[in-house]
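Worksheet: the structure to be examined is printed underneath.
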Amino acid sequence: MSVKSTAARRTTRGGAKRRGGEPELVQLLTPEGKRVEHSEYSIDLTPDELRGLYRDMVLTRRFDAEAITLQRQGELGLWASLLGQEAAQIGSGRATRPDDYVFPTYREHGVAWTRDVDPLNLLGMFRGVNHGGWDPNENNFHLYTIVIGSQTLHATGYAMGVAKDGADSAVIAYFGDGASSQGDVAEAFTFAAVYNAPVVFFCQNNQWAISEPTEKQSRVPIYQRSAGFGFPGVRVDGNDVLAVLAVTKAALERARTGQGPMLVEAFTYRMGAHTTTDDPTRYRADEEREQWELKDPILRLKTYLEAEGFADEEYYASIDKESDALAKRVRDGVRTMPNPDTMAIFENVYADGHALVDEERAQFAEYLASFADETEGH
Amino acid sequence: MTTLTMAKALNEALRQSLDTDPKVLLMGEDIGKLGGVFRITDGLQKDFGEERVIDTPLAESGIVGTAIGLALRGYRPVVEIQFDGFVFPAYDQIVTQLAKMHARALGKVKMPVTIRIPYAGGIGAVEHHSESPETLFAHIPGLKVVSPSNPQDAYWMLRQAIDCDDPVIFFEPKRRYWDKGEVDTEAIPGPLHKARVTRAGTDLTLAAYGPMVKVCMEAAAAAAKEGRSLEVVDLRSLSPMDFDTIQASVEKTRRLVIVHEAPVFLGTGAEIAARITERCFYHLEAPVLRVGGFHAPYPPARLEEEYLPGLDRVLDAVDRALAY
Ligand SMILES: Cc1ncc(C[n+]2csc(CCOP(=O)(O)OP(=O)(O)O)c2C)c(N)n1
């Protein structure tokens with residue numbers, strides 16, 4: 001997979017230009033599935049690599065759909081769907097190297113997939129059996145963060161550490177358009193710029209923060225926000241997996257080579273509800289969704305694959321089969337996921353132990369045991 | 001007199017306040033078209049407009065900080081924080097600015113800011129959606145902290161909080177939002193900070209507020225079947241706290257158990273236990289006991305049943321107190 005970019009060496013804001021007031025997107029694959037070139041970002045992938053991206057997106061979408069179903073069936077307490085954001089997540093995730101470090105929010109199921117995090121691990125917190133569910137250092141994929149914007153500072157600090165260590169890894173922090181309003185995000189931008197931290201801020205602008213449109217967060221396009229902090233920003237078509245891959249690779253490369261942070265705004269759309277508890281009919285029109293359906297990231301790549309003769313029916317059948325198997329694995333895995341032991345309440349509160357926790361644990365155990373005595377007594 | 005859910009009673013209180021006082025403003029994330037994630041502000045933007053029911057950017061420090069500025073300009077902002085765990089980005093503004101402004105300005109400026117926070121657990125939510133941080137606010141001089149337990153109080157306490165010239169942190173027990181009760185919007189309410197005896201008894205006093213009042217009422221009903229007469233005091237306000245009402249009850253029953261969801265350690269119960277021991281030392285037949293959360297993060301949803309004080313844990317404490 002080779003990505004050539006002049007942006008990797010640029011230090012000024014770049015990439016997207018204004019035309020007729022609306023910022024231009026970096027695009028390499030049109031919504032009709034036509035391959036186009038961009039003056040600053042290019043990419044050259046083998047048919048195998050292209051099929052790989054397609055497979056990633058299809059499996060991720062299937063996983064997401066299965067999770068929604070499981071929520072409806074009461075197996076999960078909540079689910080935050082990524083439907084429509086597959087290209088933004090797979091493109092950016094596939095741009096990372098294993099030694100890079102990823103800081104997600106709570107919707108980055110596709111990015112997790114590219115980091116080889118077991119999809120079942122993602123479901124624990126949505127089922128309510130844990131607050132995280134994986135070892136972040138296993139795949140350099142940090143835990144999901146629910147408090148909006150917090151993780152952008154963690155990512156920046158981690159990147160400062162990477163630079164101090166003289167390593168050439170990069171860090172990527174995911175956040176939403178709504179999150180861009182948080183003080184933490186502004187502070188992350190400040191620290192990243194001041195310390196020239198090797199961090200890429202990857203904003204998935206899916207147009208909505210629950211019921212509030214992006215205009216309720218910012219009066220300038222999000223990618224332009226970085227200019228005031230002193231680092232470049234670029235807007236990429238978030239439904240174009242090739243463009244996202246090319247732009248994120250360039251941004252990570254820039255960070256790796258000591259040129260500091262960069263902001264990537266992936267312009268995309270949340271096709272479903274904010275989470276399974278949300279009701280989008282209260283605040284947005286069906287027509288908007290219908291417009292975005294025409295830009296579907298998966299369909300677009302499929303059209304291209306077909307036009308080029310890179311994939312045939314047999315290939316699609318094999319992906320379907322794989323999707324079914326994944327869905328089944330997820331379904332079975334969730335249904336048999338054990339509830340935590342009651343005493344887990346007291347586990348890992350401290351690394352070093354704590355007398356008060358020990359005392360309360362013992363008291364609670366005694367209290368629970370008193371019920372056992374009662375039943376035995378009868 | 002009408003029957004309303006607590007959610008609807010709160011909505012009605014906001015509506016009446018907006019209607020009565022043109023200086024009242026609502027601010028918060030998703031409170032407009034969506035009506036808030038719990039629909040407490042449902043329909044208010046439609047009726048009062050975007051100038052008075054303001055969808056804010058996703059920034060809690062910004063919401064409270066600008067509410068302070070609006071208050072300085074003579075407005076009475078009523079702020080919604082979406083969930084308990086998300087008040088912390090605003091905690092700095094609340095503690096270092098909002099709480100102290102009146103004192104620093106020699107009493108010359110008022111801070112009539114109400115901060116509504118849906119709090120506590122029991123709804124099977126994910127992390128940061130079930131916490132009970134009330135003690136962190138009650139500990140701060142300059143803030144008033146209240147929590148209703150039923151629709152009638154929800155209506156009147158919110159109206160009183162909005163009318164109050166001091167900052168009020170208004171904790172709404174989210175798992176009681178859907179509980180129904182009689183609401184009299186005409187009756188003249190009692191003082192905002194007065195506790196209330198919600199069930200009379202002679203053997204022991206249960207003191208609670210917000211979500212735990214219902215649990216204590218159920219515990220008292222269960223205990224009655226075993227011939228025990230428990231008195232229940234709904235504190236209603238944590239700062240200031242009505243110790244006189246608790247004292248009067250304890251002088252009668254001679255035993256006290258305090259129940260809250262928040263961690264017991266250095267919690268509201270500790271303060272009550274200390275004060276009541278001081279005031280009622282010679283009346284007490286047993287040490288004051290506390291039932292509450294552990295010194296551990298609020299657990300994942302599948303464990304909250306075990307974590308939260310329920311009937312059994314309350315009755316266990318009652319047994320222990322009566323055993324002295
Ligand atoms: C500090 C904080 N405030 C409020 C919330 C509640 N909340 C959860 S997600 C969300 C909207 C986030 O929008 P955005 O950043 O655009 O990300 P998206 O969900 O669209 O991916 C809100 C308000 C929260 N999680 N954290």
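Letters A, B, ... mirror the listed sequences (proteins, then strands); counts begin at 1. Scope of the values below: all heavy atoms of this structure, side chains included, with no hydrogens, waters or symmetry mates.
Rounding to the nearest 0.5 angstrom, the gap separating the NE2 atom in B:His129 from the CD1 atom in A:Ile146 is 6.0 Å. The line from CG of B:Asp55 to NZ of A:Lys216 is 5.5 Å long, rounded to the nearest 0.5 Å. Between the OG atom of A:Ser211 and the CG atom of B:Asp30 there is a distance of 3.5 Å, given to the nearest 0.5 Å. The distance from atom NZ of B:Lys33 to atom OG1 of A:Thr281, rounded to the nearest 0.5 Å, is 12.0 Å.
When the heavy atoms of residues 303-318 of chain B are compared with those of chain A, the residues falling under 4.5 Å are B:Leu303, B:Glu306, B:Tyr307, B:Asp312, B:Arg313, B:Asp316, listed by number. Listed in order of number, the residues of residues 36-49 of chain B that approach chain A to under 4.5 Å between heavy atoms are B:Val37, B:Arg39, B:Asp42.
With a 4.5 Å cut-off on non-hydrogen atoms, A:Tyr283 touches chain B through its backbone and its side chain both. Using a 4.5 Å cut-off between heavy atoms, B:Phe88 does not touch chain A at all. Proximity to chain A (any heavy atom under 4.5 Å) is restricted, for B:His128, to the side chain, taken from C-beta onward. There is no contact between A:Tyr106 and chain B, counting heavy-atom distances below 4.5 Å. Looking at A:Arg127, both its backbone and its side chain come within 4.5 Å of chain B, counting heavy atoms on both sides. Heavy-atom distances place the side chain of A:His354, and not its backbone, under 4.5 Å from chain B. Contacts between B:Phe294 and chain A at a heavy-atom distance below 4.5 Å involve backbone atoms as well as side-chain atoms. Looking at A:Ile345, both its backbone and its side chain come within 4.5 Å of chain B, counting heavy atoms on both sides. For chain B, the nearby parts of A:Asp279 are the backbone and the side chain; heavy atoms of each come within less than 4.5 Å.
Counting heavy atoms from C-beta on, the side chains of A:Asp278 and B:Leu34 come closer than 4.5 Å. B:Glu60 has its side chain within reach of A:Gln182: a pair of non-hydrogen atoms, C-beta onward, lies under 4.5 Å apart.
Ranking A:Gly77, A:Ala209, A:Gly128 against chain B, the residue ahead of the rest is A:Gly128, based on heavy-atom pairs under 4.5 Å. Most heavy-atom pairs under 4.5 Å with chain B: of the set A:Leu368, A:Thr277, A:Leu78, A:Ile148, this distinction falls to A:Ile148. Chain A forms the most heavy-atom pairs under 4.5 Å with one residue out of B:Pro57, B:Ala59, B:Pro300, B:Gly32, and that residue is B:Pro300. Contact count versus chain B (heavy atoms, under 4.5 Å) is highest, among A:Arg282, A:Gln363, A:Arg361, for A:Arg282.
Across all non-hydrogen atoms, the minimal contact from A:His131 to B:Pro299 is NE2-C, 3.4 Å. Listed here is the closest heavy atom pair of B:His295 and A:Leu356: CG-CD2, 3.5 Å. Heavy atoms only, all atoms of each residue included: A:Glu75 and B:Arg302 are closest at O-NH2, 3.5 Å.
In the displayed structure, A:Arg72 atom CZ is contacted under 6.0 Å by at most 12 heavy atoms of other residues, nucleotides or ligands. Shown here is A:Phe191, whose CZ atom has no more than 12 heavy atoms of other residues, nucleotides or ligands within 6.0 Å. More than 12 non-hydrogen atoms from other residues, nucleotides or ligands lie less than 6.0 angstrom from CD of A:Glu290. When the shell of 6.0 Å around CD of B:Glu50 is examined, it contains 12 or fewer heavy atoms from other residues, nucleotides or ligands. Around the OH atom of B:Tyr324, the shell of radius 6.0 Å holds no more than 12 heavy atoms that belong to other residues, nucleotides or ligands. Counting heavy atoms of neighbouring residues, nucleotides and ligands inside a 6.0 Å radius, atom OH of B:Tyr177 exceeds 12 of them.
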